[in-house]
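Written below as structure tokens is the structure these notes are about.
Because the structure is a prediction, the values reported are computed rather than measured.
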Amino acid sequence: MVPELTEANRPFWTGGATGQLLLPRCEACGRWVDPGEEACGDCGGPLSSQAVSGRATVFTYTVNTQAWNPDLPVPYVVALVELEEQEGLRLATNIVGCEPDEVRIGMPVQVLFEHQGEAYVPLFQPV
């Protein structure tokens, strides 16, 4: 599900239109921060959206078997992936393109986007 788009999170949710995973990066210290933040949590510096590679590894995951959303067939994988650009830079996402029992911690994955209305939701698939 896509949240309401704001000035702060819009680049993250719409970057997939051009195949880019856009994340906020501090203009002062260079640290990547979570989408939707309005200033750097480390130094307070201003942020600008920049493209990351889209390459990551599965940090942790769970397989959901409960049908919470009738539009999303079960089972599906909910994961935290760690992007290669910065240690600790993690996104919550779904792992697609493989069976849920094939997902492993440390598995290399790559971003792809699912178009939903105005947004392009970043999902990840095995490399």
Given 3.5 Å as the limit, does a donor-acceptor pair link the side chain of [X] with the main chain of [Y], or not?
X: Gln50; Y: Leu23; result: no
X: Thr60; Y: Ile105; result: no
X: Glu37; Y: Asp34; result: no
X: Glu82; Y: Gly88; result: yes
X: Asp42; Y: Val33; result: no

So which heavy atom on [X] is nearest to which on [Y], and how close?
X: Gln116; Y: Val2; answer: OE1-CG2, 3.7 Å
X: Phe12; Y: Pro122; answer: CZ-CG, 3.5 Å
X: Ile95; Y: Cys98; answer: CG2-SG, 4.1 Å
X: Trp32; Y: Ala51; answer: CH2-O, 3.8 Å
X: Leu22; Y: Ser49; answer: CB-CB, 4.4 Å
X: Val58; Y: Arg104; answer: CB-O, 3.5 Å

How long is the straight-line distance from [atom2] of [Y] back to [atom1] of [X], given to the nearest 0.5 Å?
X: Glu114; Y: Tyr120; atom1: CD; atom2: OH; value: 12.0 Å
X: Thr18; Y: Phe113; atom1: OG1; atom2: CZ; value: 8.0 Å
X: Leu5; Y: Arg10; atom1: CG; atom2: CZ; value: 4.5 Å
X: Arg25; Y: Leu89; atom1: CZ; atom2: CG; value: 10.0 Å
X: Leu80; Y: Thr93; atom1: CG; atom2: OG1; value: 9.5 Å

Hey, does [Y] have a side-chain heavy atom less than 4.5 Å from the side chain of [X]?
X: Ser48; Y: Pro24; answer: no
X: Trp68; Y: Val74; answer: no
X: Ser53; Y: Glu85; answer: yes
X: Cys26; Y: Cys43; answer: yes
X: Thr57; Y: Val81; answer: no

Side-chain heavy atoms under 4.5 angstrom apart, residues restricted to Ile, Leu, Val, Met, Phe, Trp, Tyr: same cluster for [X] and [Y]?
X: Val63; Y: Val109; value: yes
X: Val96; Y: Trp13; value: yes
X: Phe59; Y: Phe124; value: no
X: Val78; Y: Met107; value: no
X: Leu72; Y: Val77; value: no

Could you walk me through whether Asn94 and Tyr76 pass the side chain to side chain donor-acceptor pair (under 3.5 Å) test, one step at a time?
CA-CA 7 Å; Asn94 294 112; Tyr76 60 90; over 6 Å; no
Any side-chain donor-acceptor pair under 3.5 Å between Thr14 and Glu118?
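Short answer, no.
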Does a sphere of radius 6.0 Å around CD in Glu7 hold more than 12 heavy atoms from other residues, nucleotides or ligands, not counting ones at 6.0 Å or beyond?
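It does not: Glu7 CD has 12 such atoms or fewer within range.
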Might you confirm whether atom CD of Glu38 has over 12 heavy atoms from other residues, nucleotides or ligands at distances under 6.0 Å?
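No, because the 6.0 Å sphere around CD of Glu38 holds 12 heavy atoms or fewer from other groups.
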